[in-house]
Amino acid sequence: MFTGIVEAIGVVKEFIETDTSDVGGYGSSIVITECPLILEDAHLGDSIAVNGTCVTITDFNSTDFKVGVAPETLRRTNLGELRPGHKVNLERAVAGHVRFGGHFVQGHIDTTATILSITPDGNAKTFWFQPRDSSVLRFIVEKGFIAVDGASLTVIDVDEVERKAFSVMLISYTQDRIVTSKKQVGDTVNIEVDLMGKLLEKQVTLQIENQLKGQLSSTLGGLVEKIVDSKLQQLK
């Protein structure tokens with residue numbers, strides 16, 4: 001589990017493509033350097049978020065660490081685009097004593113997104129992103145949480161019809177501390193939507209299925225009725 005608060009920016013030292021089993025497992029491995037903070041308490045097997053993707057430390061020394069990247073991870077994320085010199089957002093798995101400054105981030109990427117536009121607004125910048133899998137837009141809501149390359153950000157706007165995209169605003173402080181602010185139009189980012197939206201959809205779907213079978217619980221049924229009635233009153 002992560003918070004979406006990027007701790008450090010690392011630099012890719014090596015991207016190793018493999019076709020046989022090694023320490024990182026079948027797939028590829030990435031060696032990341034210039035991140036002393038991350039190495040202060042590193043251990044083999046630790047989870048770490050690289051551009052928001054939860055991967056496992058398979059080797060490390062005093063200057064850099066190595067993670068294994070499975071084929072499914074390469075298909076789901078932008079990690080396969082990384083090459084020596086590229087910078088990445090890093091966050092260690094959350095510890096019990098850490099303040100939760102962001103939101104619950106699993107490090108399980110839902111899809112990648114392409115940067116459609118970058119617009120300055122004072123010392124801030126507004127980014128519009130178009131997800132590769134547009135179905136995730138149903139989980140993205142205005143003023144809701146989203147993790148972009150592992151950074152916890154607030155959604156500013158959602159266009160599900162024309163652009164099939166969403167926007168966030170990066171303040172000056174954030175721009176200096178995450179790699180996303182240095183990317184250009186056309187570049188890709190990793191997207192993880194808020195877990196609560198997916199859980200809610202799952203539960204509602206199950207309840208509807210139960211309702212069709214005549215098994216809707218009275219508690220949830222009453223709650224749904226109250227919500228519907230409240231919304232109808234607002235519309236009136």
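Residue indices begin at 1 and follow the sequence shown.
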Is it the case that one hydrophobic cluster holds both [X] and [Y], taking links as side-chain heavy atoms less than 4.5 Å apart, direct or via other members?
X	Y	result
F139	V155	yes
I48	V12	yes
V193	V141	no
V185	I191	yes
V94	F104	yes

Main-chain N/O of [Y] paired to [X] side chain as donor or acceptor, under 3.5 Å:
X	Y	answer
Q175	L170	yes
E192	A147	no
S167	D157	yes
S152	I5	no
E91	G4	yes
D176	Y173	no

Check: Could you give all pairs that pass the ring-ring contact (aromatic ring centres under 6.0 Å, His included) test and reach residues 48-91, with sequence neighbours left out?
Finding: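 Listed by first then second residue: nothing to list.
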Notebook entry, point to check: Do you see a donor-acceptor pair shorter than 3.5 Å between the side chains of S135 and D133?
Noted result: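 The criterion, which ignores hydrogens and geometry beyond distance, is satisfied for D133 and S135.
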Margin query: Could you walk me through whether V67 and T58 satisfy the side-chain contact (heavy atoms from CB on, under 4.5 Å) test, starting with their C-alpha distance in whole Å, then the side-chain angles of each, then the deciding distance to 0.1 Å, before giving a yes or no?
Written below: CA-CA 5 Å; V67 297; T58 60; 5.6 Å; no
Note to self: Out of the candidates T77, N78, D110, N89, only one should pair with N190 under the side chain to side chain donor-acceptor pair (under 3.5 Å) rule; please name it.
What the structure shows: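 So, applying the side chain to side chain donor-acceptor pair (under 3.5 Å) to N190 and each of T77, N78, D110, N89, only N78 qualifies.
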Where [X] and [Y] come nearest, the two heavy atoms and their spacing:
X	Y	value
I32	G10	CG2-CA, 4.0 Å
G52	I109	O-CD1, 3.3 Å
V50	V55	CG2-CG2, 3.7 Å
E14	P84	CA-CG, 4.4 Å
A151	I178	CB-CG2, 4.0 Å
S28	L74	OG-CD1, 3.8 Å

Look up atom [atom1] in [X] and atom [atom2] in [Y], then write down how far apart they are to the nearest 0.5 Å.
X	Y	atom1	atom2	answer
S181	D149	OG	CG	10.5 Å
N51	K87	CG	NZ	13.0 Å
C54	H108	SG	NE2	5.5 Å

Next item on the list: Please determine if K164 and E160 form a salt bridge, counting it only when a charged side-chain N lies under 4.0 Å from a carboxylate O.
Entry: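 No, this pair does not count.
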Checklist line | Residues clustered with F145, ILVMFWY side-chain links under 4.5 angstrom | finding: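 Cluster partners of F145: none, it stands alone.
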When the side chains of residues 121-131 are checked against the rest of the protein, which donor-acceptor pairs come out under 3.5 Å, sequence neighbours left out?
from : atom 1 : to   : atom 2 : distance (Å)
Q130 : NE2    : R163 : O      : 2.8

Decide yes or no for [X] and [Y]: does some side-chain heavy atom of the first lie under 4.5 Å from some side-chain heavy atom of the second?
X	Y	result
I146	D194	no
D59	I57	no
L44	D46	no
I30	L82	yes
T73	L79	yes
I9	L90	no

Note to self: So for atom NZ, which belongs to K183, do other residues, nucleotides or ligands contribute more than 12 heavy atoms lying within a distance under 6.0 Å?
What the structure shows: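 Above 12, so yes.
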Notebook entry, point to check: Quick check: are there more than 12 heavy atoms from other residues, nucleotides or ligands sitting under 6.0 Å from NZ of K182?
Noted result: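 Yes, NZ of K182 has more than 12 neighbouring heavy atoms, counting only those of other groups under 6.0 Å.
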Next item on the list: Could you give me the CA-CA distance, side-chain angles and deciding distance for I156 and M169, then say whether side-chain contact (heavy atoms from CB on, under 4.5 Å) is met?
Entry: CA-CA 7 Å; I156 301 300; M169 180 175 286; 4.0 Å; yes
Next item on the list: Please name all residues satisfying salt bridge (charged side-chain N to carboxylate O under 4.0 Å, His left out) with K13, sequence neighbours left out, ordered by chain then number.
Entry: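 Scan of K13 (salt bridge (charged side-chain N to carboxylate O under 4.0 Å, His left out), adjacent residues dropped) gives D64.
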Margin query: Among residues at least two apart in sequence or on other chains, which ones pass salt bridge (charged side-chain N to carboxylate O under 4.0 Å, His left out) with R92?
Written below: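 Partners of R92 under the salt bridge (charged side-chain N to carboxylate O under 4.0 Å, His left out) test: E7, D41.
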Please tabulate, one pair per line, all N/O donor-acceptor pairs under 3.5 Å involving side-chain atoms of residues 112-119, not counting sequence neighbours.
none

Next item on the list: I would like to know whether T154 and V168 meet side-chain contact (heavy atoms from CB on, under 4.5 Å); could you show each step before the answer?
Entry: CA-CA 6 Å; T154 302; V168 301; over 6 Å; no
